[in-house]
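Worksheet: one structure, shown below.
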Amino acid sequence: MMRTRPLKVALLGCGVVGSEVARIMTTHADDLTQRIGAPVELAGVAVRRPSKVREGIDPALITTDATALLKRGDIDIAIEVIGGIEPARTLITTAFEHGISVVSANKALLAQDGAALHAAAEQHGRDLYYEAAVAGAIPLVRPMRESLAGDKINRVMGIVNGTTNFILDKMDSTGAGYQEALDEATALGYAEADPTADVEGYDAAAKAAILAGIAFHTRVRLDDVYREGMTEVSAADFASAKRMGCTIKLLAILERAADGESVTARVHPAMIPLSHPLASVREAYNAVFVEAEAAGRLMFYGPGAGGAPTASAVLGDLVAVARNKLAEATGPGESAYTQLPVSPMGEVVTRYHISLDVADKPGVLAQVATTFAEHGVSIDTVRQQGKDGEASLVVVTHRAADAALSGTVEALRKLDTVRGVASIMRVEGE
């Protein structure tokens with residue numbers, strides 16, 4: 001039976017994503033009513049700049065007092081698309097205290113304080129949904145915490161930032177340098193005026209923390225995620241990758257240890273074989289590869305950012321939370337029963353591609369090989385090119401621990417025959 005009294009929604013933030021949420025709620029109102037079983041009504045929109053014209057939104061709904069909006073007594077669901085830590089954290093907590101369920105797209109806040117927010121939601125018997133915080137329109141959070149709830153996820157590897165993928169894709173396909181590709185991304189609106197959060201991996205690291213918590217049923221904070229940006233990736237690195245039949249992506253990689261007693265979470269550039277599904281992800285798209293014991297390998301692909309795609313995920317959560325409200329129930333909350341420790345990066349085992357500038361004279365290769373052997377790092381292949389007394393030596397290792405590789409590189413820098421370490425890159429996906 002259809003309920004006639006509407007569920008009232010407070011929209012906190014009305015930027016690119018918030019305005020799309022408001023538009024879809026208005027244009028698809030009848031469909032949303034049928035899917036939920038009751039109308040949903042936009043009851044207030046909290047913004048910082050009330051004078052800004054917002055097409056399609058009744059000016060009477062606009063307020064600068066988000067707290068008062070949440071406390072007025074008739075709000076059922078709050079949609080938080082403000083971003084950042086404060087005032088978003090206080091507003092979400094206030095919503096729970098006043099019996100309001102929350103839909104959020106705030107990856108930074110969830111990665112930092114997800115445990116506390118989940119605890120507040122549980123204390124007050126309310127929902128906290130955040131599909132849009134991880135991969136835009138791509139359904140990922142709900143499949144991992146609901147569809148795969150009966151399975152055991154062992155590894156998640158993916159491209160979770162569209163800006164960095166666009167830049168690396170342009171460097172790969174056109175031969176452009178990093179700055180040239182970044183300038184194009186900025187001109188097209190893929191990169192912010194200050195792209196630091198994207199290109200230095202902060203955005204991807206926040207998403208990695210959220211996904212690791214869901215995948216491994218343990219608490220992983222942003223500080224637990226190893227992070228390495230992509231600003232040092234060069235055209236020479238792509239040339240080396242192509243010679244190996246690889247390309248380069250900025251990856252979020254989450255793994256359960258073989259003994260099941262710990263997990264790792266990391267974000268960094270890596271070479272991946274062209275045969276791997278992630279290698280073909282182009283432009284500003286995202287893709288996440290999930291490996292589970294029973295389900296096997298699953299890949300989720302689609303636009304990972306932008307107003308409309310992110311709003312799609314927000315509205316999906318709105319429908320789910322609204323249905324729960326009508327059923328007087330709540331959806332899944334935090335699952336952190338395993339309490340697994342997060343291992344440091346030094347314990348991560350993978351392959352490495354190291355490019356060295358060395359003196360072009362006899363015995364150099366033997367000296368370098370000996371240094372690798374002394375630190376327990378096995379060499380897979382070596383390629384050397386020399387000219388006018390200088391040479392480039394490219395070494396690809398077998399799998400080795402990060403700490404062992406770091407010790408090897410430190411020792412290499414002390415050799416008289418090694419002029420410098422041009423680049424170090426991990427090799428994944430094999």
Side-chain angles (χ1 to χ4, degrees), residues 16-17 107 134-138 140 157-208 227-253 266-289 299-310 352-355 392 394 396 422-430:
V16 173
V17 175
K107 52 188 170 287
V134 174
I138 305 172
L140 184 59
M157 182 169 78
I159 299 162
V160 294
N161 182 277
T163 300
T164 55
N165 199 59
F166 179 89
I167 293 169
L168 292 172
D169 181 45
K170 289 302 174 184
M171 292 177 70
D172 185 27
S173 61
T174 69
Y178 165 76
Q179 189 60 51
E180 183 182 350
L182 173 59
D183 290 343
E184 182 176 353
T186 303
L188 292 172
Y190 291 125
E192 301 286 347
D194 179 1
T196 302
D198 294 322
V199 300
E200 293 294 352
Y202 292 102
D203 175 86
K207 296 171 181 176
R227 177 197 55 77
E228 185 180 317
M230 50 154 284
T231 57
E232 299 301 318
V233 177
S234 67
D237 291 325
F238 273 101
S240 292
K242 286 182 178 180
R243 283 191 286 268
M244 291 177 58
C246 293
T247 188
I248 299 171
K249 299 291 185 182
L250 184 77
L251 298 178
I253 303 172
R266 51 195 165 107
V267 168
H268 54 71
M271 293 182 180
I272 57 172
L274 294 175
S275 58
H276 194 282
L278 292 178
S280 61
V281 178
R282 307 296 301 274
E283 299 284 334
Y285 276 71
N286 285 189
V288 178
F289 209 66
M299 183 164 160
F300 300 84
Y301 170 85
T310 305
Y352 291 86
H353 175 283
I354 305 102
S355 179
S392 173
V394 176
V396 179
S423 69
I424 304 170
M425 192 165 296
R426 296 167 183 87
V427 182
E428 300 286 348
E430 297 185 309

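- Contact record, P277 with S280: O-OG, 3.0 Å, taken as the closest heavy-atom pair.
- Here the closest heavy-atom approach between residue M425 and residue A270 is recorded as CG-CA, 4.0 Å.
- Of the residues listed (I159, V160, V267), the one engaging L250 in a side chain to side chain contact (heavy atoms under 4.5 Å, CB included) is V267, and it is the only one.
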Can you check side-chain contact (heavy atoms from CB on, under 4.5 Å) on Q179 and L182, steps first, answer last? CA-CA 5 Å; Q179 189 60 51; L182 173 59; 3.9 Å; yes
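- For the pair Y178 and V233, the minimum side-chain heavy-atom distance is 4.5 Å or more.
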Where do H353 and C246 land on the side-chain contact (heavy atoms from CB on, under 4.5 Å) test, with the steps shown first? CA-CA 11 Å; H353 175 283; C246 293; over 6 Å; no
Give the intermediate values and the outcome of side-chain contact (heavy atoms from CB on, under 4.5 Å) for residues F300 and N286. CA-CA 8 Å; F300 300 84; N286 285 189; over 6 Å; no
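- Between M157 and G429, the shortest heavy-atom distance links the atoms CE-CA, 4.0 Å.
- No side-chain donor-acceptor contact under 3.5 Å links S240 and D237.
- Interatomic distance, N161 CG to K107 NZ, rounded to the nearest 0.5 Å: 8.5 Å.
- Environment of OH in Y285: sparse, with no more than 12 heavy atoms of neighbouring residues, nucleotides or ligands closer than 6.0 Å.
- Note that CZ of R227 and CZ of R266 are 15.5 Å apart. Values are rounded to the nearest 0.5 Å.
- Between K170 and E283, the closest side-chain pair of non-hydrogen atoms falls below 4.5 Å.
- Counting heavy atoms from C-beta on, the side chains of H276 and T247 never come closer than 4.5 Å.
- At distances below 3.5 Å, at least one donor-acceptor pair connects side-chain atoms of T163 with backbone N or O atoms of Y190.
- Between V281 and N165, the shortest heavy-atom contact is O-ND2, 3.1 Å.
- Expressed to the nearest 0.5 Å, how far CE of M299 lies from CG of L278 amounts to 5.0 Å.
- With rounding to the nearest 0.5 angstrom, the CE atom of M244 is 10.5 Å from the CG atom of L274.
- When all heavy atoms are compared, the tightest approach of A287 to Y301 is CB-CD1, 3.9 Å.
- Listed here is the closest heavy atom pair of P269 and G229: CG-O, 3.3 Å.
- Between the CD1 atom of I138 and the OG1 atom of T310 there is a distance of 10.0 Å, given to the nearest 0.5 Å.
- Here CZ of R426 is found 13.0 Å from CD1 of I248. Values are rounded to the nearest 0.5 Å.
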